[in-house]
Participant: 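Handing you a structure now.
All values derive from a computational prediction rather than experimental measurement.
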Amino acid sequence: MQIYMVGGAVRDKLLGRPVNDHDWVVVGATPEQMLAQGYLPVGRDFPVFLHPETREEYALARTERKSGRGYRGFVVQSSPDVTLEEDLSRRDLTINSIASSTDESGATRLFDPYHGEKDLHERVLRHVTDAFREDPVRILRVARFAARFTDFTVAPETMQLMREMVEHGEVDHLVPERVWQELARGLMEEKPSRMFEVLRECGALQVLLPEVARLWGVPQRADYHPEVDTGVHLMMVLDMAARLSAPLTVRFACLAHDLGKGTTPADVLPRHIDHETRSAELLKDVAERLRVPVDCRETADVVAREHGHIHRSTDLSAAALVRLLERCDAIRKPERFAEILLACECDARGRLGFEESAYPQRPRLLAVLAAVQSVVTREIAAQAAARGQSGPQVGALIHQARVEAVAQWLQTQAHGATP
């Protein structure tokens, strides 16, 4: 029995990056031998075990043979006869197909039959063998790695292979949960725009997210958007979200906020009248198709519908500000409202020349929310009940008290701004 560290742990160690998880492959062993040593079986489709002490995963060396379309269409063979090189050959990229072991003296020895260390030095994402084409998830993984390793490029032969996979319909058979899993992880990388650029270049974006793919080439008004192209703007917004360390809910909202601009009639371009409503409708389709989690889709829905109003909120009256907060459900869900405002800041700063600009709407609306929250609704409800009022009448009284609280805050701000 021989044990090797493999995959991302070896790669990240060679890159000088933090290593969070360790994966191990075991060559020359049977499941019975693993059980006898106290390992706990967890693999459903192939033999994977948890170490009895560290709880890290140890997989028996295996080979895979294509048996159908999609990423589940595989027959897995695991036996003591499978070599380390055979196991590494089924992996996606050369930089992930490096193994390491430690000898008796404590020295580390690399096993690198596919020259992954060379590709690490040359900053190249390259597939290991032609077996890459058997698993369409690998297209998404390459795109995600491009977003993580921002100075790496995709090897031309790998990009060509991915294009062929798309043309042959392999991407059509990906299950929604796996697509969302990879997209979500890519959105959380250092430069999410690169994921979408790679997917667009190989043609997979048009298949998986046609609502996003159609945004490139759609013009916007240059006085608002010096970058003009809507697709370019979207990429800038996503990278701003990464720069501001936004959570996944915000990053997905950024991805979906301008989908409606892709359906603007050509005769009204570069204006995009009511694109917010169209964006919210298209978002529903995307969220259903990819089975996006509820928190992500709800935040994205509000951002899609309200980002224009939030951008223009410095010009709104007290009554209009309270109505905006009510539409955003900010009073019941203040934490989500803070995320909505962060997404809007990413949108505003994700424009050419505006990257370092302040976004005063965000602190201002948080202060407006604080003014609204200062209204003691229980007292208003009790006084109304004493007068025999109930239901909508009480709601109207509470709404009016909130408007008055915001009006008073606005007046204070106006006096404070006067020399």
Participant: Does some side-chain heavy atom of Q2 sit less than 4.5 Å from a side-chain heavy atom of L84?
Facilitator: no
Participant: Atom CD of E197 and atom CE of M195: how far apart are they, to the nearest 0.5 Å?
Facilitator: 10.5 Å
Participant: Taking 4.0 angstrom as the limit, do E167 and R163 come out as a salt bridge?
Facilitator: no
Participant: Can you give me the closest heavy-atom contact between V27 and A61, atom names plus distance?
Facilitator: CG2-CB, 4.1 Å
Participant: Show, in sequence, the C-alpha distance, side-chain angles and deciding distance for E345 and R362, and conclude whether the salt bridge (Lys or Arg N to Asp or Glu O under 4.0 Å) test is met.
Facilitator: CA-CA 7 Å; E345 178 171 348; R362 184 178 167 197; 2.8 Å; yes
Participant: Give every residue pair that meets the ring-ring contact (aromatic ring centres under 6.0 Å, His included) criterion with at least one member in residues 187-221, sequence neighbours excluded.
Facilitator: none
Participant: Starting from the C-alpha separation in whole Å, work towards a yes-or-no answer on side chain to side chain donor-acceptor pair (under 3.5 Å) for E57 and W24.
Facilitator: CA-CA 6 Å; E57 289 191 356; W24 307 85; over 6 Å; no
Participant: Of all the heavy-atom pairs spanning P176 and R289, show the shortest one and how long it is.
Facilitator: CB-O, 3.2 Å
Participant: Under a 4.5 Å cut-off applied to non-hydrogen side-chain atoms, are T314 and Q361 in contact?
Facilitator: yes
Participant: What pairs with R351 under side-chain hydrogen bond (donor to acceptor under 3.5 Å, both in side chains), at least two apart in sequence or on another chain?
Facilitator: none
Participant: Might you work through the salt bridge (Lys or Arg N to Asp or Glu O under 4.0 Å) test for D315 and R312, ending with a clear yes or no?
Facilitator: CA-CA 6 Å; D315 299 326; R312 295 186 292 273; over 6 Å; no
Participant: Do the non-hydrogen side-chain atoms of W180 and P293 ever get within less than 4.5 Å of each other?
Facilitator: yes
Participant: State the NE2-CD1 distance between H115 and I98, to the nearest 0.5 angstrom.
Facilitator: 11.0 Å
Participant: Check R138 with D92, please: is the shortest side-chain N to carboxylate O separation under 4.0 Å?
Facilitator: no
Participant: Using a strict cut-off of less than 4.0 Å between a Lys/Arg side-chain nitrogen and an Asp/Glu carboxylate oxygen, indicate whether E190 and R148 qualify as a salt bridge.
Facilitator: no
Participant: Assess whether a salt bridge exists between E298 and R336, defined as any Lys/Arg side-chain N lying under 4.0 Å from an Asp/Glu carboxylate O.
Facilitator: yes
Participant: Using the ring pair (Phe, Tyr, Trp, His ring centres under 6.0 Å) criterion, which residues pair with H51? Sequence neighbours excluded.
Facilitator: Y39, Y58
Participant: Please examine the side chains of D258 and Q220, heavy atoms only from C-beta on, and report whether any two atoms are closer than 4.5 Å.
Facilitator: yes
Participant: List in chain and number order the residues that pass side-chain contact (heavy atoms from CB on, under 4.5 Å) with D267, two or more places apart in sequence or in another chain; answer none if no residue qualifies.
Facilitator: P265
Participant: Kindly state each residue pair satisfying salt bridge (charged side-chain N to carboxylate O under 4.0 Å, His left out) with at least one member in residues 10-24, sequence neighbours excluded.
Facilitator: none
Participant: Do R305 and E276 sit within salt-bridge range, that is, some charged N less than 4.0 Å from a carboxylate O?
Facilitator: no
Participant: A side-chain contact here means heavy atoms from C-beta on lying under 4.5 Å apart; do V128 and L88 qualify?
Facilitator: no
Participant: Where do S101 and R109 land on the side chain to side chain donor-acceptor pair (under 3.5 Å) test, with the steps shown first?
Facilitator: CA-CA 5 Å; S101 62; R109 175 176 173 266; 4.6 Å; no
Participant: Would you call K284 and E288 a salt bridge, taking side-chain N to carboxylate O under 4.0 Å as the test?
Facilitator: no
Participant: Kindly say whether G260 contributes a backbone atom to a donor-acceptor pair with the side chain of S279 at under 3.5 angstrom?
Facilitator: yes
Participant: Just by distance, do the side chain of T158 and the backbone of V154 share a donor-acceptor pair under 3.5 Å?
Facilitator: no
Participant: Taking it one step at a time, do E189 and R185 satisfy salt bridge (Lys or Arg N to Asp or Glu O under 4.0 Å)?
Facilitator: CA-CA 7 Å; E189 296 290 2; R185 294 177 71 180; 5.9 Å; no
Participant: How far does CG of L321 sit from CG of L316, to the nearest 0.5 angstrom?
Facilitator: 5.0 Å
Participant: Any heavy-atom pair between the side chains of L290 and Q181 that's under 4.5 Å?
Facilitator: no
Participant: Can you establish whether the number of heavy atoms outside R55 located under 6.0 Å from its atom CZ is more than 12?
Facilitator: yes
Participant: Distance-only, no hydrogens or angles: does the H257 side chain make a donor-acceptor pair with backbone N or O of C254 under 3.5 Å?
Facilitator: yes
Participant: When rounded to the nearest 0.5 angstrom, what distance separates CG in L140 from CE in M162?
Facilitator: 10.0 Å
Participant: Please enumerate all residues that pass side-chain contact (heavy atoms from CB on, under 4.5 Å) together with R271, with sequence neighbours excluded.
Facilitator: R221, I273
Participant: Give every residue pair that meets the ring-ring contact (aromatic ring centres under 6.0 Å, His included) criterion with at least one member in residues 335-374, sequence neighbours excluded.
Facilitator: H311-Y359
Participant: Can you tell me if S374 uses its side chain to pair, donor with acceptor, with the backbone of A371 under 3.5 Å?
Facilitator: yes
Participant: Do you know the tightest heavy-atom contact between P192 and A147?
Facilitator: CA-CB, 4.1 Å
Participant: Can you find a heavy atom in the side chain of V6 that is under 4.5 Å from one in the side chain of R91?
Facilitator: yes
Participant: Could you walk me through whether R90 and S97 pass the side chain to side chain donor-acceptor pair (under 3.5 Å) test, one step at a time?
Facilitator: CA-CA 9 Å; R90 65 176 177 78; S97 65; over 6 Å; no
Participant: Name all residues meeting the ring pair (Phe, Tyr, Trp, His ring centres under 6.0 Å) criterion together with Y114; count only those two or more places apart in sequence or in a different chain, and write none if there are none.
Facilitator: none
Participant: Tell me, please, which residues at least two apart from V232 pass side-chain contact (heavy atoms from CB on, under 4.5 Å).
Facilitator: E227, D229, M236
Participant: Nearest 0.5 angstrom please: C328 SG to I310 CD1, how far?
Facilitator: 4.5 Å
Participant: Donor-acceptor pair, distance only, cut-off 3.5 Å: does the side chain of R194 make one with the backbone of T150?
Facilitator: yes
Participant: State, yes or no, whether a side-chain contact exists between I139 and C202 at a heavy-atom distance under 4.5 Å.
Facilitator: yes
Participant: Is K261 salt-bridged to E211, cutoff N-O under 4.0 Å?
Facilitator: no
Participant: My understanding is that only residues two or more places apart in sequence, or in another chain, count here; which of them pass side-chain contact (heavy atoms from CB on, under 4.5 Å) with A29?
Facilitator: M1, V26, Q33, M34, L60
Participant: Considering only residues two or more places apart or on different chains, which pairs with a residue in residues 266-286 satisfy ring-ring contact (aromatic ring centres under 6.0 Å, His included)?
Facilitator: H275-H307
Participant: Among residues two or more places apart or on two chains, list those pairs meeting side chain to side chain donor-acceptor pair (under 3.5 Å) that have a residue in residues 243-255.
Facilitator: R243-E356, T249-E339
Participant: Going by atom types alone, do T264 and R278 pair a side-chain donor with an acceptor below 3.5 Å?
Facilitator: yes
Participant: Out of curiosity, E86 CD to R62 CZ, how far, rounded to the nearest 0.5 Å?
Facilitator: 13.5 Å
Participant: State whether the number of non-hydrogen atoms from other residues, nucleotides or ligands found under 6.0 Å of E53 atom CD is greater than 12.
Facilitator: no
